[in-house]
Number of protein chains: 2
Amino acid sequence: MRTVTIADVAKHAGVAVSTVSYVLSGKRAISATTRQRVLDSVRALGYHPNAGARALASKRAKVIALVLPLRAGMNLPVLMRFATSVVTTARQYDHDVLLMTADEGPDGLHRVAASALVDGLLLMDVEIHDPRVPLLRKLAQPSVLIGFPADPHGLTCVDLDFARAGTLCADHLAGLGHREIALLGAPRVVYERGTGFAERTLAGFVEGALRHGLEADARPCEESFDEVHATVKLLLDERPRLSGLVVHNEAAAGHVLGALRILGRRVPEDVSVVAICPDDIAERASPALTSVLIPAEDVGRQAVRLLMAKLEGQAVPESTLLEPRLTIRESSR
Amino acid sequence: MRTVTIADVAKHAGVAVSTVSYVLSGKRAISATTRQRVLDSVRALGYHPNAGARALASKRAKVIALVLPLRAGMNLPVLMRFATSVVTTARQYDHDVLLMTADEGPDGLHRVAASALVDGLLLMDVEIHDPRVPLLRKLAQPSVLIGFPADPHGLTCVDLDFARAGTLCADHLAGLGHREIALLGAPRVVYERGTGFAERTLAGFVEGALRHGLEADARPCEESFDEVHATVKLLLDERPRLSGLVVHNEAAAGHVLGALRILGRRVPEDVSVVAICPDDIAERASPALTSVLIPAEDVGRQAVRLLMAKLEGQAVPESTLLEPRLTIRESSR
DNA sequence: CCTTCGCGTCGAAGCGCTTCGATGACCTGC
DNA sequence: GCAGGTCATCGAAGCGCTTCGACGCGAAGG
């Protein structure tokens, strides 16, 4: 039971190999009758083009690389959601996805690119001074980044508009009449790493609070319950009249509610809480959290679309910021 | 700046193309001096073999498929950890990983296999009556399954020994002197899906409890705080002297502690809690949970090893059960 | 009626690599 | 001193596909 090749199909259909190829690729006109005959043979023999041969001859592997980070502080569920959406979208464009971890570093990217294993790259969680960025500029293959390096010039970057997300939270709380609010942020290491999104959220939050004339505070925070409890307590001790809390730390969101309960503050009666986190986390919490979602699915879909456009040789914007949306649930009033 | 081919290397080193190939593959003896000359040229020119050409000529793509599920009830962080360990291990064997989602179904597997895109497949979360299993038996490529279908004959399956995990929990609680214990399980849908692992845990738990002559109870449980709270309350109402709780539901583990707190039971003074969950979840909880870990990393590594062995034509065991380990933390005494 | 032009199809030349059989060069042992 | 055997290297034949130029044929145009 040898594997079926295009030559087998050609013989079965009584046409030339090239004709089969053209039927399958649609790159030249083929009469309806011939096309049908070929298609029938393809089905009858169960033909599947050999990926290697196709890649060799056409210089297109129909595979894109997805490079995921796996460092501390990354939210795994979101990453997974993102990956899923990338795979699903890529399949819609008839491409497959090669999964890579960031710890292979620039060399890993160079390897898959130089060996023509992939036609394009998708990098998640790009840092401000990312050592992979200079390499990407040299590569023959196009790439799309999730996140923004210091100089995005000549690159294609996608991200949630975190500054807007921060502002949106401040706006929401201000609109509800709160006068003293605070941001409970990501673990300190995230800020230090300079990934950018944490700072941008903070900046947007502060800007929004200022614009509304609110008293605003902000703290990084680790993810353990004890740390969250301590930070919330600190915030509350320093500002007894604090009545609005923005949480930009998915892992901590649930703990914040627990801590407030223990500290004798009711949510939302005493303190309104707004989270910047995926919807499922917000919904699972009790009370359900008013939240600005991180639309992992949208980001993935958009990133793949941009990459596919680049593969087609189309021009695409350097920067794509996804508009955040605030969903009001039970934790704010 | 054309891409460098093996012919360029051969010319640069003053040898035949085949000699370069043999140097790189090590499949024939090459003199030390020639080898060095070739290696120098490779480096000087920055040569990387073209993956498509290599795959075509050698019939080995050096890529394996990783098929991940994305259904309700799956724990995303564990999935991600698993994927990471698969990628890392595969790289050690000089292979890359093609990421697929289970929703492409049997057709998707058939596609990547028939097109020789991959040399082998790794399927996560196999169900008792998995529609993909009959296909796997027909494929030219070897595969390894995480989980067990009804008839594992002729396949290669890896999993945590969930029955042992359940028993281990019962043993631990019995050893601490508890007489009435209960298992708080996965969401009902997980049992209904017949994935097997939930039942096996339950069976192991019951068996262990019986052997020690304990009173034992068990309930499936959804993941929301409210549901967990309700289930814990029910358990406690029915058995006021319940003093040991096994939680086999990662998402609920944290909520269980919260519920017990609200219900006025101290952990571990009044109730000992043992979880079957990844270490990080157990450690993050407060108090830290005594737990049997789901060793996602081990499973991934082991699965890749088995697949690589099969690719080399070696015989491997049909069934590999990974021994669970119980880590004692603060939540049991 | 003959030229011209598309349209549909074919044949062949690669794409860059692996692998097989062949070829020398050199050594060994009788 | 020569048959036999190694060892290192080479050349060439594919692997299965895409793509380019060529070609035959019927329709349209002069």
Side-chain angles (χ1 to χ4, degrees), chain A residues 2-39 41-42 45-63 94 111-119 140, chain B residues 2-39 41-42 45-63 94 111-119 140:
Chain A
R2 221 182 77 278
T3 98
V4 182
T5 75
I6 196 172
D8 300 328
V9 175
K11 200 176 304 169
H12 187 273
V15 300
V17 163
S18 51
T19 301
V20 176
S21 178
Y22 286 126
V23 166
L24 263 20
S25 71
K27 292 194 177 174
R28 276 198 189 177
I30 297 286
S31 69
T33 58
T34 305
R35 175 199 317 307
Q36 197 50 56
R37 200 140 38 85
V38 169
L39 258 20
S41 297
V42 164
L45 301 180
Y47 169 67
H48 281 260
N50 178 292
R54 193 205 273 279
L56 179 58
S58 69
K59 306 193 166 311
R60 291 306 215 93
K62 296 248 193 185
V63 175
D94 196 25
R111 181 179 62 82
V112 297
S115 66
L117 232 191
V118 303
D119 302 327
Chain B
R2 219 183 80 276
T3 96
V4 182
T5 75
I6 197 173
D8 300 329
V9 176
K11 200 177 303 168
H12 186 274
V15 299
V17 163
S18 51
T19 302
V20 176
S21 177
Y22 286 125
V23 166
L24 263 21
S25 70
K27 293 194 177 174
R28 274 196 190 179
I30 297 285
S31 70
T33 57
T34 305
R35 177 201 313 307
Q36 196 51 55
R37 202 142 35 85
V38 169
L39 258 20
S41 296
V42 164
L45 300 180
Y47 169 68
H48 281 260
N50 178 291
R54 192 204 273 280
L56 179 57
S58 70
K59 306 192 164 310
R60 293 301 218 97
K62 296 246 192 188
V63 175
D94 196 25
R111 180 179 62 82
V112 296
S115 66
L117 231 190
V118 303
D119 301 327

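Numbered from 1 within each chain, the chains take letters A, B, ... in sequence-line order.
Taking the side chain of A16(A) as heavy atoms from C-beta on, and the options dC10(C), dT19(C), dC17(D), the nearest nucleotide is dC10(C). The side chain of I30(B) lies closest to dT9(D) when the candidates are dC17(D), dT9(D), dC10(C). Looking at the side chain of S21(A), the nearest of the listed nucleotides dT19(D), dC17(C), dC17(D) is dT19(D).
In this structure, L24(B) and L39(B) have side chains that are in contact, with non-hydrogen atoms separated by less than 4.5 Å. In this structure, Y47(B) and I6(B) have side chains that are in contact, with non-hydrogen atoms separated by less than 4.5 Å. Within the 4.5 Å cutoff, no side-chain heavy atoms of N50(A) are placed close to those of S115(B).
Comparing L56(B) and A32(B) against DNA chain D, the residue whose closest nucleotide sits nearer the 5' end is A32(B). In terms of position on DNA chain D, the residue among R35(B) and A57(B) whose nearest nucleotide sits closer to the 5' end is R35(B).
At the heavy-atom level, T5(B) lies under 4.0 Å from the strands shown only through sugar-phosphate atoms. Among the atoms of the strands shown, base atoms are found under 4.0 Å from some heavy atom of V17(B).
Scanning atom types as modelled, no donor and acceptor separated by under 3.5 angstrom connect the side chain of S31(A) and the base of dG8(C). Side chain Y22(B) to base dC17(C): no donor-acceptor pair is found below 3.5 Å. A donor-acceptor contact under 3.5 angstrom links the side-chain atoms of R28(B) to the base of dG21(C).
D8(B) places its CG atom 13 Å from the C1' atom of dC17(C), with the value rounded to the nearest Å. If you measure from atom CD of Q36(A) to atom P of dG8(C), you get 16 Å, rounded to the nearest angstrom. Taking atom CD1 of I6(A) as the reference point, atom C1' of dG16(D) lies 8 Å away to the nearest angstrom.
For K59(A) and dC15(C), the shortest distance from a side-chain N or O to OP1 or OP2 is not below 4.0 Å. Contact between the side-chain N/O atoms of R54(A) and the OP1/OP2 oxygens of dT18(D) is found at a separation under 4.0 Å. Under 4.0 angstrom from either OP1 or OP2 of dC10(C) there lies at least one side-chain N or O belonging to T19(A). The phosphate of dT9(C) has neither OP1 nor OP2 within less than 4.0 Å of any side-chain N or O from S18(A).
Rounded to the nearest 0.5 Å, atoms NE2 (H48(A)) and OG1 (T5(A)) are 14.0 Å apart.
Side-chain N or O atoms of R37(B) include one that pairs as donor or acceptor with a backbone N or O of A13(B) at under 3.5 Å.
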